[in-house]
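In what follows, a single structure is set out as structure tokens and then discussed.
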Amino acid sequence: MKNLHFHIVTKVLLLSFIVTTTQLSSTASQFFEAEEECPPISNATNLQQSQLIQRLTHVCRYDRLERPIEYGQNGERLPVTVKARIYVYFLQNLNSDLLQFKMHALLQLSFNDSRLSYKELKRNDNIIGQKHLSERLWLPHIFFANERDSSILGTDEKDVLTSISPEGHVVLSERLQATLYCYMNFKKFPFDEQFCSTVIESWMYNQTEMVLKWESYSPISFDPEMHLTEYTMQRFWYNESVVNSDGINLRHGSFAGNYSSISFTVHINREIGFYLLDYYLPSMMIVAISWVSFWLQADQSPPRIMLGTSTMLSFITLSSSQTKTLPKVSYIKVSEIWFLGCTFFIFGSMVEFAFVNTIWRRKENVELKKVNSKYIVKASLTPRPTRRDMNPNNLSRTRSCSSLDNITSSTESVLKGNTNKGFNNYLTVHNLPIITTECADNASVTSERNSNCTDHVVNIASNGSFDPQGRDLDMPADHTTFTTMTPQEIAMWIDRRSRFLFPVMFLAFNALYWTFVYCF
């Protein structure tokens, strides 16, 4: 019984398998017959656009992996020509530290595909669709060669438009944004000009299969309302070229050959109004403030040191705030030349203070041949103290201007028995019997002259014998010194000259700087 039951079950299963196999084979044969039959397009005038594009792109007529086929006069297969046009909505200011800029644009690619032509079907309207239409067609595979990243703006359905004309002319339009690299040169910053390019290359097909070209009419256009805040666009140009890809230059994966490339370049200049008001003018004022120390007395160390260091730190802070957004480059920028020049003048005012303060603290008088810049500077650098003995019995009283009223005169020191004559504040004239001088500050006012002038001593060492030229016959022939200045008077003399010399030098530096900026 068990064997009989087993045979019955086996026959039933075998019969079910045969019936199922027959049904599947019948369905498969119907499916393949349906696939082999191409849907007709003869009644294209009565079809909807979706129906028409489905029949035009049916697998029996159209292979989206195969590029459009074009033949020449001699029957050779020609590469498909893809023409491009760009409409720029917006150019974001260049990001200097990252060497890049952002672009919002409309990119249009157009080419002919004879497989999609339906003009002979007596239908003249264009087929227009969005992304679902472009997914059924062959499209050129291109990329931005200098991009950091790129994407289609908004949603895919919204920002992709595909149009097919009755002649088989396909136009693909995409609104996109791209962040592109721009390799800038900052040698003339902030008076620099940059050249930023957008490069489009073929990725999949070399030049024997696809060629990229710009449209013959208005290939590049910009939004009339577009405005750059930090730059001004001067001009732009476009070109077409060929890029070689081989085993060394792997620009296109593992495919070797010559690839078509198109690009356009914008020439922009940096606006300098911001830098003039926020960098150059404040730095000039800071340098001028450092010159206030020339009006302070040389022994006033705290205010002069504080003024010099505060102006130096303020200028360094100002410069660092203006250049912190720039990359670190190996060459010298124009802004750095300005920084070094202004730093030199601020540092020079501090060095001048150290120099005059050192002279001020000297205790020996300085002998001079003449009271002019040559002899004063030379004597202050290498002073020779006066060694003539002052004889109390051979003194004569005269009037001389003293620039320091708060220091005791040498006459009073000698008469009081003070033998330390090292710290004198007077202008002493030797070899003349009597010298009478007036105060240079205000010689017309007698009261001011008497209040500002002090009694000085003239040492008459000669016996009163002079030659016709007025020279003392008792003095040695090689003794040419005839006047003496105190260290304090020399320090004040240097400060007065610095008030004029530093501004003149700074104006000369400005003239050279701006000439270099605009002429080179």
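Hydrogens, waters and symmetry mates play no part in the numbers below; they use all other heavy atoms, side chains included.
- Looking only at side-chain heavy atoms (C-beta outward), Lys213 and Glu240 come within less than 4.5 Å of each other.
- By the 30° and 60° cut-offs, the orientation of the rings of Phe195 relative to Trp237 is tilted.
- No more than 12 heavy atoms of other residues, nucleotides or ligands lie within 6.0 Å of CD1 in Ile332, so this atom counts as exposed by the packing criterion.
- Between Asn146 and Thr198, the side chains place no donor N or O within less than 3.5 Å of an acceptor N or O (distance only, hydrogens not considered).
- Considering every non-hydrogen atom in both Leu180 and Ser197, the closest pair reads CD1-O, 4.5 Å.
- Counting only heavy atoms from C-beta outward, the side chains of Ile127 and Leu52 approach each other to under 4.5 Å.
- Of the charged side-chain nitrogens involved, none lies within less than 4.0 Å of a carboxylate oxygen, so that Glu336 and Lys187 do not count as a salt-bridged pair.
- Aromatic ring pairs are classed by plane angle as parallel below 30°, tilted from 30° to 60° and perpendicular above 60°; the pair Phe509 and Phe345 is tilted.
- Residue pairs meeting the salt bridge (charged side-chain N to carboxylate O under 4.0 Å, His left out) criterion with at least one member in residues 72-83, sequence neighbours excluded, are Glu66-Arg77.
- Sparse packing is recorded around CD of Gln48, with 12 or fewer heavy atoms of other residues, nucleotides or ligands lying under 6.0 Å away.
- For the pair Val80 and Arg67, the tightest heavy-atom approach, listed with the atom from each and the gap, is N-NH1, 3.6 Å.
- In this structure, the side chains of Glu271 and Thr232 come closer than 4.5 Å at one or more pairs of heavy atoms.
- Remark: Arg175 is positioned above the aromatic ring of Tyr89, its terminal NZ or CZ atom under 6.0 angstrom from the ring centre and at most 45 degrees off the axis.
- For the residue pair Ile53 and Arg136, the shortest heavy atom distance occurs at O-NE, 4.3 Å.
- By the 6.0 Å contact criterion, OH on Tyr331 is enclosed, its count of non-hydrogen atoms from other residues, nucleotides or ligands being greater than 12.
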**Item:** His104 and Phe90: CA distance, side-chain angles, deciding distance, ring-ring contact (aromatic ring centres under 6.0 Å, His included) verdict
**Value:** CA-CA 5 Å; His104 293 187; Phe90 173 71; 5.7 Å; yes

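- Aromatic pair Trp138/Phe111: ring centres closer than 6.0 Å.
- Formation of a donor-acceptor pair under 3.5 Å by the Thr309 side chain with backbone atoms of Met306 is found in this model.
- In plain terms, the two heavy atoms of Ser165 and Asn126 that are nearest each other are CA-OD1, 3.4 Å.
- The pair Arg270-Glu193 fails the salt-bridge criterion, with no side-chain N (NZ, NE, NH1 or NH2) lying under 4.0 Å from an Asp/Glu carboxylate O.
- The backbone N or O of Trp360 sits less than 3.5 Å from a side-chain atom of Gln488, completing a donor-acceptor pair.
- Contact check for Thr343 versus Met312: side-chain heavy atoms found under the 4.5 Å cut-off.
- At a cut-off of 3.5 Å, with distance as the only test, no side-chain donor of Glu167 or Ser117 sits close to an acceptor on the other residue.
- Side chains of Tyr231 and Asn269 form no contact here, defined as non-hydrogen atoms less than 4.5 Å apart.
- Residues Thr486 and Glu489 have side chains that bring a donor and an acceptor to within less than 3.5 angstrom of each other.
- Taking all atoms of both residues into account, the shortest heavy-atom contact from Ser202 to Met210 is OG-CE, 3.0 Å.
- Counted by atom type alone, Ser110 and Glu215 present one or more donor-acceptor pairs between their side chains at under 3.5 Å.
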**Request:** Take Trp291 and Phe294, measure what side-chain contact (heavy atoms from CB on, under 4.5 Å) needs, and give me the verdict at the end.
**Result:** CA-CA 6 Å; Trp291 301 336; Phe294 301 148; 3.7 Å; yes

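- Inspection of the Ser260 and Glu201 side chains reveals no N or O donor paired with an N or O acceptor under 3.5 Å.
- Aromatic ring orientation, Tyr183 versus Tyr181: parallel (interplanar angle below 30°, classes split at 30° and 60°).
- Atom CH2 of Trp214 sits about 3.5 Å away from atom CD1 of Ile220, to the nearest 0.5 Å.
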Review item, side-chain donor-acceptor pairs of residues 276-290, under 3.5 Å, at least two apart:
| from | atom 1 | to | atom 2 | distance (Å) |
| --- | --- | --- | --- | --- |
| Tyr280 | OH | Tyr513 | OH | 2.7 |
| Ser283 | OG | Tyr279 | O | 2.9 |
| Ser283 | OG | Tyr280 | O | 2.7 |
| Ser283 | OG | Trp338 | NE1 | 2.9 |
| Ser290 | OG | Val287 | O | 2.4 |

**Request:** Check step by step if side-chain contact (heavy atoms from CB on, under 4.5 Å) holds for Gln207 and Val242.
**Result:** CA-CA 8 Å; Gln207 198 176 19; Val242 177; 3.3 Å; yes

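- There is a side-chain donor-acceptor pair under 3.5 Å between Asn244 and Asn258.
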**Audit row: Arg497, Asp495, salt bridge (charged side-chain N to carboxylate O under 4.0 Å, His left out) steps and yes/no** = CA-CA 5 Å; Arg497 297 307 187 273; Asp495 273 340; over 6 Å; no

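- Rounded to the nearest 0.5 Å, atoms CD (Gln300) and CG (Asn357) are 10.5 Å apart.
- One N or O on the side chain of Arg85 and one on the backbone of Tyr217 form a donor-acceptor pair closer than 3.5 Å.
- Inter-residue side-chain proximity for Val171 and Ser173 is flagged as met; some heavy-atom pair is nearer than 4.5 Å.
- Once rounded to the nearest 0.5 Å, the distance linking CG of Leu91 with NZ of Lys102 reads 12.0 Å.
- Closest heavy-atom contact between Ala105 and Ile86: CB-CG2, 4.0 Å.
- Atom-to-atom distance recorded for Leu116:CG and Leu56:CG is 6.5 Å, nearest 0.5 angstrom.
- His169 has its side chain out of reach of Ile164: every pair of non-hydrogen atoms, C-beta onward, lies at least 4.5 Å apart.
- Considering Tyr275, Phe189, Phe339 as possible partners of Gln322, the one that fulfils the side chain to side chain contact (heavy atoms under 4.5 Å, CB included) test is Tyr275.
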**Message:** One pair to check against ring-ring contact (aromatic ring centres under 6.0 Å, His included): Phe264 and Phe236. What are the steps and the verdict?
**Reply:** CA-CA 7 Å; Phe264 75 94; Phe236 67 92; 7.5 Å; no

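- Under the 6.0 Å distance and 45° angle rule, Arg304 does not count as a cation-pi partner of Phe353.
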**Prompt:** Does the pair Val160 and Leu172 meet the rule for a side-chain contact (heavy atoms from CB on, under 4.5 Å), with working shown?
**Reply:** CA-CA 7 Å; Val160 177; Leu172 176 66; 4.0 Å; yes

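- Considering only heavy atoms from C-beta on, Ile262 stays 4.5 Å or farther from Asn239 through its side chain.
- Ring-centre distance between Phe191 and Trp514: below the 6.0 Å cut-off.
- Rounding to the nearest 0.5 Å gives a distance of 9.5 Å between CG of Asp63 and CD1 of Ile69.
- Using modelled atom types, one finds a donor on one side chain and an acceptor on the other under 3.5 Å when comparing Gln194 with Asp192.
- A distance of 4.5 Å separates CG in Asn95 from CG in Leu98, rounded to the nearest 0.5 Å.
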**Asked** Please walk me through it: do Phe144 and Trp203 pass ring-ring contact (aromatic ring centres under 6.0 Å, His included)?
**Response** CA-CA 10 Å; Phe144 290 96; Trp203 171 258; over 10 Å; no

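- A side-chain donor-acceptor contact under 3.5 Å links Arg61 to the backbone of Arg55.
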